[in-house]
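What follows is a set of notes on a single structure, which appears directly below.
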Amino acid sequence: MLFRLIKQAPLTEKVASQDGFIYLYRVMQFIGWIPPKEGLLRYVYFCWTLMTFGLCTFYMPLGFLGSYITQIKLFSPGEFLTSLQVCINAYGCSTKVIIIYSQLWRLIKARELLDKLDVRCTSFEEREKIHRIVTHCNHVVLIFAIIYCSYGVSSYLSSVLSGHPPYQLYNPFLDWHDGTLNLWIVSTFELMVVMGTAVQNMLSDTYSLVYRLILRTHLELLNGRISKLRTNPEMTQDENYEELVNCVLDHKLILEYCALIRPVISGTIFTQFLLIGVVLGIALINLLFFSDVWTGLACTVFIVAILLQTFPFCYICNLVVDDCEALAHAIFQINWVGSGSRYQSTLFYFLHNVQQPIVFIAGGILPITVSSNISVAKLAFTVITIVKEMNIADRFKTE
């Protein structure tokens, strides 16, 4: 059943943390990122990969550049801004796709690490949390896919009904000015390219969120295990020590998981931080000064999609820092009195490591937090202020 995973499975059914990535990796397979391991289909699949990369990753941004060179005078202000906002985002999307695809092995290896952490999830309470986060992660992918694809469809309909292609990408084979049929053919071709790019963009924006949500769940589960240390009077000192060591090993696996995904997230989020202010500013100018009802609707969906690219993930990053502090507090609450020197030395070592929060740095420069995201997004209001002060919108309307 296609949408079975958006409903939480019963506890009688075995569910692993990796199941939270099923929708994400299915979309990756669809777009040409994960080929079959062997057989003739593997080579056929590579042709599909080349086509999706050629059209969505390379033709899309270059098509905008070609259209600006050849027919910039034919754009109205609203059409140009609609094209420009997607153009800049397309260049960012292509950069993110190349980063992710070149380091996809890191994401696959990190996902496989979760099986080791799942071994420790034996209680009904822990299994329920795994079931819940698996459902949430698949929900995230589905919701993002709907929003991103909605922009492509709404932009397509609003543009064609207005008598022009959505983005007027450079097309050397067909001129959309030569009749209604050509307009629909060119527009439909652009829709296919844009939908493919939207799927790639959705993957580049949701993978980090899904990986981070799974991370939060396992930090929460580890916190619960730490809180239960030395609470069972029937356990011997050796058994208590073994439980502590298992918690240390779980934390080590979590750090290894973060180390694997950190370079990928650093590159993609840094790219998005560089673009979000400019793209958001252009989209708001288009919405406030040049949009009618239909283009305004498409532009609103685009702005929502832009905000979803970084804000949810930055918020989760803030929560992960809080989760790390909660781990340290849980260790402080352990009844370590009378536990023995071996137990205490291991506990102090564990506490020292936990007190170093799990943080991600975008491009090695900006910490990935909500405050950083707000700082880079403020550029949008600077762009709007410049346009208002210089009356640029009024000049475009009068020309």
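FYI, side chains are in, hydrogens and waters are out, and symmetry mates aren't considered; it's all heavy atoms of this structure.
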Query raised in the report: Distance from Leu260 atom CG to Trp105 atom CH2, nearest 0.5 Å?
Result: 6.5 Å
Exercise answer: donor-acceptor pairs, residues 303-314 side-chain atoms, under 3.5 Å, sequence neighbours excluded:
residue	atom	partner	partner atom	Å
Gln309	OE1	Gln272	NE2	2.3
Gln309	NE2	Asp205	OD2	3.3
Thr310	OG1	Asn373	OD1	3.2
Thr310	OG1	Asn373	ND2	3.0

Query - Any donor-acceptor N/O pair, Ser266 side chain to Ile361 backbone, under 3.5 Å - result: yes
Query raised in the report: Does the side chain of Phe273 reach to within under 4.5 Å of the side chain of Ser375, using non-hydrogen atoms?
Result: no
Query raised in the report: Taking side chain as C-beta onward, heavy atoms only, is Ser154 less than 4.5 Å from Phe302?
Result: no
Query raised in the report: If only atom types and distance count, is the side chain of Asn138 paired as donor or acceptor with the main-chain N or O of Tyr23 below 3.5 Å?
Result: yes
Query raised in the report: CD of Gln356: more than 12 outside heavy atoms within 6.0 angstrom?
Result: yes
Query raised in the report: For the hydrophobic clusters of this structure (ILVMFWY residues joined by side-chain heavy atoms under 4.5 Å, transitively), does one cluster hold both Tyr349 and Leu229?
Result: yes
Query raised in the report: Is there a path of hydrophobic side-chain contacts, each under 4.5 Å between heavy atoms of I, L, V, M, F, W or Y residues, that connects Val44 with Ile34?
Result: no
Query raised in the report: Is there a side-chain contact between Tyr207 and Phe21 (heavy atoms, below 4.5 Å)?
Result: no
Query raised in the report: Is there a side-chain contact between Ile214 and Cys137, using heavy atoms and a 4.5 Å cut-off?
Result: yes
Query raised in the report: Side chains of Leu107 and Tyr25: closer than 4.5 Å at any heavy-atom pair?
Result: yes
Requested in this report: List the steps and the verdict of salt bridge (Lys or Arg N to Asp or Glu O under 4.0 Å) for Arg127 and Asp118.
Outcome: CA-CA 9 Å; Arg127 287 173 54 202; Asp118 284 348; over 6 Å; no
Query raised in the report: When clusters are formed by joining ILVMFWY residues with side-chain heavy atoms under 4.5 Å apart, either directly or through shared neighbours, do Phe53 and Phe30 land in the same one?
Result: no
Query - Asn171 (side chain) donor-acceptor with Leu174 (main chain) under 3.5 angstrom - result: yes
Report task. Grab the two heavy atoms, one from Gly20 and one from Val210, that are nearest each other, plus how far apart they are. Result -> O-CG1, 3.8 Å
Query raised in the report: Ion pair present between Arg342 and Asp238, side-chain N to carboxylate O less than 4.0 angstrom?
Result: yes
Query raised in the report: Going through the distances and angles, do Ile88 and Phe64 end up as a side chain to side chain contact (heavy atoms under 4.5 Å, CB included)?
Result: CA-CA 9 Å; Ile88 297 174; Phe64 282 111; over 6 Å; no
**Report entry** Closest non-hydrogen atom pair, Leu169 against Glu190
**Finding:** N-OE2, 2.8 Å
Query raised in the report: Could you give the distance from CE (Met202) to CG (Leu24), rounded to the nearest 0.5 Å?
Result: 7.5 Å
Report task. Identify the two heavy atoms, one from Glu112 and one from Gln18, that lie closest to each other, and give their separation to 0.1 Å. Result -> CA-NE2, 3.6 Å
Query - All salt bridge (charged side-chain N to carboxylate O under 4.0 Å, His left out) counterparts of Glu13, not counting sequence neighbours - result: Arg4
**Report entry** Listed partners of Phe270 passing side chain to side chain contact (heavy atoms under 4.5 Å, CB included), at least two apart
**Finding:** Leu274, Ala362, Ile365
Query raised in the report: Would you find a donor on one side and an acceptor on the other, under 3.5 Å apart, between the side chain of Asn201 and the backbone of Thr197?
Result: no
Requested in this report: Apply side chain to side chain donor-acceptor pair (under 3.5 Å) to the pair Thr236 and Tyr241, showing each step before the final yes or no.
Outcome: CA-CA 9 Å; Thr236 64; Tyr241 180 73; over 6 Å; no
Requested in this report: Begin with the C-alpha distance, continue with both residues' side-chain angles, and end with the deciding distance and a verdict on side chain to side chain contact (heavy atoms under 4.5 Å, CB included) for Leu209 and Phe144.
Outcome: CA-CA 11 Å; Leu209 191 57; Phe144 270 66; 4.0 Å; yes
Query raised in the report: How far does CD1 of Ile331 sit from CZ of Phe350, to the nearest 0.5 angstrom?
Result: 4.5 Å
Report task. Run the numbers on Leu65 and Tyr91 for side chain to side chain contact (heavy atoms under 4.5 Å, CB included), then give the verdict. Result -> CA-CA 11 Å; Leu65 183 61; Tyr91 276 94; 3.8 Å; yes
Query raised in the report: Just by modelled atom types, is the Ser204 backbone N or O under 3.5 Å from a matching donor or acceptor in the Ser208 side chain?
Result: no
**Report entry** Common cluster, Val140/Ile146, ILVMFWY with side-chain heavy-atom separation under 4.5 Å
**Finding:** yes
Query raised in the report: With ILVMFWY side chains joined below 4.5 Å, transitively, what does Leu157's cluster contain besides itself?
Result: Val153, Tyr156, Val160, Trp184, Leu191, Met195
Query raised in the report: When you look at CE of Met192, are more than 12 heavy atoms from neighbouring residues, nucleotides or ligands closer to it than 6.0 Å?
Result: no
Report task. Quick one: which residue pairs count as a side chain to side chain donor-acceptor pair (under 3.5 Å) with a foot in residues 39-62, not counting sequence neighbours? Result -> Thr57-Gln200
Query raised in the report: Rounded to the nearest 0.5 Å, how far does CG of Asn232 lie from NZ of Lys228?
Result: 11.0 Å
**Report entry** Heavy-atom neighbours of His177 NE2 exceed 12 at 6.0 Å
**Finding:** yes
**Report entry** Cationic tip of Arg111 above Tyr257 ring, under 6.0 Å, 45° of axis
**Finding:** no
**Report entry** Donor-acceptor side-chain pairing of Arg26 and Gln29 below 3.5 angstrom
**Finding:** no
Query - Reported CZ-to-CG distance for the pair Arg216 and Leu319, which is rounded to 0.5 angstrom - result: 4.5 Å
Requested in this report: Taking the side chain as every heavy atom from C-beta outward, state whether Val320 and Arg212 have any atom pair closer than 4.5 Å.
Outcome: yes
Requested in this report: Using atom types as modelled and distance alone, determine if a side-chain donor or acceptor of Asn335 lies under 3.5 Å from a backbone N or O of Arg230.
Outcome: no
Requested in this report: Using only heavy-atom distances, determine whether the side chains of Ser372 and Thr369 contain a donor-acceptor pair under 3.5 Å.
Outcome: yes
Requested in this report: Assess whether side chain to side chain contact (heavy atoms under 4.5 Å, CB included) is satisfied between Ser17 and Ile133, documenting all intermediate values.
Outcome: CA-CA 8 Å; Ser17 296; Ile133 196 60; 5.7 Å; no
Report summary line: Smallest heavy-atom separation, Pro165 atom then Trp176 atom, equals CD-CD2, 3.3 Å
Query raised in the report: When Ile185 is tested against each of Thr188, Leu183, Leu181 for side-chain contact (heavy atoms from CB on, under 4.5 Å), which residue passes?
Result: Leu181
Quick one: side chains of residues 247-254, donor-acceptor pairs under 3.5 Å with protein atoms, not counting sequence neighbours, listed by atom name and distance.
residue	atom	partner	partner atom	Å
Asp250	OD2	Arg120	NE	2.7
Asp250	OD2	Arg120	NH2	3.4
Asp250	OD2	Arg225	NH1	3.1

**Report entry** Co-membership, hydrophobic cluster, residues Val97 and Met51, 4.5 Å side-chain
**Finding:** yes
Query - Smallest separation among heavy atoms of Tyr170 and Ser67, with atom names - result: CB-N, 3.6 Å
Query raised in the report: Heavy atoms, side chains only, cut-off 4.5 Å: are Cys121 and Ile130 in contact?
Result: yes
Query raised in the report: Any side-chain heavy atom of Ile358 within less than 4.5 Å of one from Val321?
Result: no
Query - Tyr101 to Gly32 - nearest heavy-atom pair and separation - result: CE1-O, 4.4 Å
Report task. Look up atom SG in Cys258 and atom CG in Leu215, then write down how far apart they are to the nearest 0.5 Å. Result -> 4.5 Å
